[in-house]
Asks: 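Once you've had a glance at the structure underneath, I'll fire off some questions.
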Amino acid sequence: MRINNNMSAVITNNQLLGTEGSLADVMEKLSSGFSINHASDNPSGIAIAGKMQAQIEGLDQASTNGSDGISVLQTAEGALNEVTDMIQRMRELSVQAANGTNSDEERESIQKEIDSLLEEIDRVAETTEFNSINLLNGQLDNRSYAEHATRIQTSNSVPAGIYNLQIETAATQATASGGTNTLLSGADTLSTSGTITINGHGIELTEGMNRVAVYEAMRDACEKGSASVSDPDEPLAITSLKYGANANLKVEFSSTEFALALGFEESQITYEEYERDDGTTYDGPPVIQSVGTDAVVKPTTTDPSMFGTQATPHYDGNHITITDTKGFEFSFLAEAGYTGDISFNVTDIGSMTLHVGANKNQNMEVRIAAVTTEFMYIDDLDVTRVNGPEDAMSYLDGALSYVTSVRSQLGAYENRLDHTTKSLDATEENMTSAISRIEDADMATTMVEYTKLNVLEQAGTSALAQANELPQLALQLLQ
């Protein structure tokens with residue numbers, strides 16, 4: 001028996017300290033709910049859990065990003081619903097204006113409402129925003145650049161790159177001209193009376209009218225007849241407002257003498273042939289008829305141009321559309337009268353990038369085309385012109401198809417984002433379950449461990465008390 005070194009107490013004390021340390025760890029797990037409270041608890045586990053936690057938090061934010069993207073699309077789609085209603089209303093007004101029971105004054109009243117609706121469409125396009133980001137003015141569409149071309153639009157199937165083409169022949173307007181003659185051929189007043197009809201809209205001019213009065217009357221008649229007249233001091237010409245094969249111009253005169261007095265050349269004048277009941281023919285009134293021509297465009301299909309060999313141009317005056325397989329559609333408005341090469345730089349810059357993943361570059365690109373009257377080619381609707389209501393109906397049908405296409409694309413984006421957010425939420429749930437198995441304490445198992453250690457601590461404390469009594473026994477040997 002030893003007094004200086006009570007080894008029984010030392011051993012018991014060491015065991016008791018170990019038990020207390022283990023009990024402290026178990027109590028920390030029970031109070032925190034985590035099985036890993038320090039790196040030393042599970043070095044590899046804490047490394048894995050750290051990466052997984054970053055993924056979980058990223059997935060949670062990505063899901064929020066996707067929901068914000070859906071809100072953007074819903075905002076844009078709501079505005080486009082109103083644009084659709086306005087286009088439908090304008091088409092209804094065009095059908096009304098096409099009825100022959102309407103006077104010129106009534107058509108002008110109809111035109112006022114159409115003008116107001118056109119302004120409202122542009123206002124909606126310029127002011128529809130989400131978090132100060134404009135949605136419908138083309139700001140969220142991919143950028144494309146070129147000289148001698150405007151209103152450039154590309155479908156989602158057009159990859160970024162350089163696209164070259166050549167306009168071999170520019171689209172032309174229908175024209176009735178007086179050669180080098182000016183209005184009234186330099187005379188101060190009209191030398192004879194007569195009527196002139198421009199695309200079905202006729203006016204009467206009387207002998208003695210001065211050049212200013214004649215010009216103003218012809219200008220107003222041309223405006224109604226979807227044409228324009230040259231300035232009085234320039235070579236006389238009446239020109240259709242349209243370009244291309246759909247540009248028709250028919251100028252009819254009451255007499256050849258009257259046509260010559262206005263300044264037109266006899267070489268341009270023809271006479272429509274009519275047939276009598278007995279089979280004989282006779283000439284109708286003098287008339288000048290003209291038709292515009294379509295452009296001739298040749299896409300360059302060799303490097304560096306990215307047009308495919310099956311690229312096919314389509315024309316509507318200066319509005320040129322090039323289509324190819326797999327939804328490729330490339331359209332623009334060519335500069336009037338321009339012939340030569342055009343190089344388009346189509347970029348992938350401008351679309352809204354939605355980050356819908358926990359890691360870098362896990363993005364979704366959202367493009368929203370400009371929904372302005374200019375890009376829908378309805379910025380020049382006029383039902384007061386001859387054939388204006390019919391033209392308006394045609395262009396409004398195209399605009400309606402355009403808006404429907406944009407809305408369809410928005411719906412596709414929205415459905416995709418809906419599935420994306422659901423997928424992100426499901427992945428986050430599964431990863432949370434996985435990290436729980438690594439980090440979270442099993443409360444039942446930990447409680448069993450706690451009970452065991454608690455008993456061991458009590459037993460160790462009792463044993464240490466007994467061990468501390470051993471030196472007292474040695475004193476009995478000294479008695």
Side-chain angles (χ1 to χ4, degrees), residues 29 32-37 39 41-81 128-143 154-160 326-327 347-371 403-443:
K29 291 178 182 179
S32 67
F34 291 107
S35 63
I36 303 176
N37 292 285
D41 293 342
N42 187 346
S44 61
I46 198 170
I48 296 172
K51 292 180 180 179
M52 294 182 71
Q53 187 60 43
Q55 289 289 297
I56 291 170
E57 292 176 358
L59 289 168
D60 182 62
Q61 184 58 54
S63 178
T64 302
N65 293 349
S67 298
D68 290 341
I70 291 175
S71 297
V72 169
L73 297 172
Q74 289 174 338
T75 301
E77 208 278 330
L80 289 182
N81 184 57
T128 300
E129 296 180 346
F130 184 91
N131 194 27
S132 77
I133 300 172
N134 196 290
L135 304 181
L136 300 179
N137 68 348
Q139 181 178 328
L140 296 183
D141 201 4
N142 286 356
R143 307 283 194 271
T154 58
S155 67
N156 289 344
S157 300
V158 178
K326 299 180 180 179
T347 75
D348 54 5
I349 301 170
S351 59
M352 175 179 283
T353 301
L354 300 178
H355 196 97
V356 289
N359 304 314
K360 65 179 182 180
N361 299 326
Q362 293 179 339
N363 302 326
M364 173 181 168
E365 301 296 329
V366 172
R367 292 179 56 185
I368 305 178
V371 189
V403 174
T404 301
S405 176
V406 175
R407 293 181 68 180
S408 176
Q409 182 66 70
L410 294 180
Y413 285 141
E414 189 174 339
N415 287 341
R416 176 182 172 182
L417 279 173
D418 186 53
H419 289 295
T420 298
T421 54
K422 289 179 180 178
S423 174
L424 291 169
D425 292 342
T427 303
E428 181 187 359
E429 178 183 343
N430 291 330
M431 291 199 70
T432 301
S433 176
I435 198 174
S436 174
R437 286 190 287 270
I438 297 173
E439 282 190 332
D440 292 352
D442 185 332
M443 299 302 285

Asks: Could you report the tightest heavy-atom contact between Thr128 and Ala79, atom names first, then the distance?
Replies: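 Shortest heavy-atom separation between Thr128 and Ala79 comes out as OG1-CB, 3.6 Å.
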
Asks: For a 4.5 angstrom cut-off between non-hydrogen side-chain atoms, does Val371 reach Val403?
Replies: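 Counting from C-beta outward, Val371 and Val403 do come under 4.5 Å.
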
Asks: Would you check if the side chain of Asn65 reaches a backbone N or O of His355 as a donor-acceptor pair within less than 3.5 Å?
Replies: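 Flag set: sc Asn65 to bb His355 pair under 3.5 Å.
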
Asks: Do Thr353 and Asn363 get their side chains close enough for a donor-acceptor pair, meaning under 3.5 Å?
Replies: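 No.
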
Asks: Does any N or O in the side chain of Ser63 come within less than 3.5 Å of the main-chain N or O of Leu59, such that one atom is a donor and the other an acceptor?
Replies: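 Between the backbone of Leu59 and the side chain of Ser63 there is no qualifying donor-acceptor contact (under 3.5 Å).
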
Asks: Would you check, one step at a time, whether the test side chain to side chain contact (heavy atoms under 4.5 Å, CB included) holds for Arg367 with Thr154?
Replies: CA-CA 11 Å; Arg367 292 179 56 185; Thr154 58; 3.2 Å; yes

Asks: Within a 6.0 Å radius of atom CD on Glu365, are there more than 12 heavy atoms belonging to other residues, nucleotides or ligands?
Replies: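 More than 12 heavy atoms, drawn from other residues, nucleotides or ligands, come within 6.0 Å of this atom.
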
Asks: For the residue pair Asp68 and Phe130, what are the closest heavy atoms and their distance?
Replies: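 Here Asp68 and Phe130 meet closest at O-CZ, 4.2 Å.
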
Asks: Apply side chain to side chain contact (heavy atoms under 4.5 Å, CB included) to residues Gln139 and Ile368 and explain how you reach the verdict.
Replies: CA-CA 8 Å; Gln139 181 178 328; Ile368 305 178; over 6 Å; no

Asks: For Asn142 versus Ser351, what's the shortest heavy-atom pair and its separation?
Replies: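 Reported closest heavy-atom pair: OD1-CB, 3.5 Å.
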
Asks: When rounded to the nearest 0.5 angstrom, what distance separates OG1 in Thr420 from CD1 in Ile70?
Replies: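 Taking OG1 in Thr420 and CD1 in Ile70, the distance rounds to 8.0 Å.
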
Asks: Between His419 and Thr421 (side chain of the first, backbone of the second, donor and acceptor by atom type, cut-off under 3.5 Å), is there such a pair?
Replies: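 No, His419 side chain to Thr421 backbone: no donor-acceptor pair under 3.5 Å.
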
Asks: Closest approach of Ile435 and Gln53, non-hydrogen atoms and distance?
Replies: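 Answer, listing the atom of Ile435 first, then Gln53: CD1-OE1, 3.5 Å.
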
Asks: Just verifying a value: how many Å separate Glu429 CD and Met431 CE, rounded to the nearest 0.5 Å?
Replies: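 It is 13.0 Å, given to the nearest 0.5 Å.
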
Asks: Within this structure, what is the CD-CG distance for the pair Glu77 and Leu136, rounded to the nearest 0.5 Å?
Replies: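 Between Glu77 CD and Leu136 CG, I get 10.5 Å after rounding to 0.5 Å.
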
Asks: Side-chain contact test, heavy atoms from C-beta onward, threshold under 4.5 Å: evaluate it for Asn359 versus Gln55 and give yes or no.
Replies: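 They are in contact (side-chain heavy atoms under 4.5 Å apart), so the answer is yes.
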
Asks: Ignoring hydrogens, what is the shortest heavy-atom contact between Val406 and Ala369? Give both atom names and the distance.
Replies: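 Heavy atoms of Val406 and Ala369 come nearest at CG2-CB, 4.2 Å.
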
Asks: Once rounded to the nearest 0.5 Å, what's the spacing between atom CG of Leu354 and atom CG of Leu73?
Replies: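 Here the rounded value is 7.5 Å.
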
Asks: What verdict does the side chain to side chain contact (heavy atoms under 4.5 Å, CB included) test give for Gln61 and Thr64, after you've listed the backbone C-alpha separation in whole Å, the side-chain angles of each residue and the deciding distance to 0.1 Å?
Replies: CA-CA 5 Å; Gln61 184 58 54; Thr64 302; 3.8 Å; yes

Asks: As an exercise, state the distance from CE of Met52 to CD1 of Ile438, rounded to the nearest 0.5 Å.
Replies: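 Answer rounded to 0.5 Å: 5.0 Å.
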
Asks: Hey, what do you get for OG1 (Thr432) to CD1 (Ile56), rounding to the nearest 0.5 Å?
Replies: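 It comes to 4.0 Å.
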
Asks: Decide yes or no on side chain to side chain contact (heavy atoms under 4.5 Å, CB included) for Leu140 and Ile133, but give the supporting numbers first.
Replies: CA-CA 9 Å; Leu140 296 183; Ile133 300 172; 4.0 Å; yes

Asks: Return the minimal non-hydrogen interatomic distance between Ala358 and Ala62, and the atom names on each side.
Replies: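 For Ala358 versus Ala62, the nearest heavy atoms are N-CB, 4.5 Å.
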
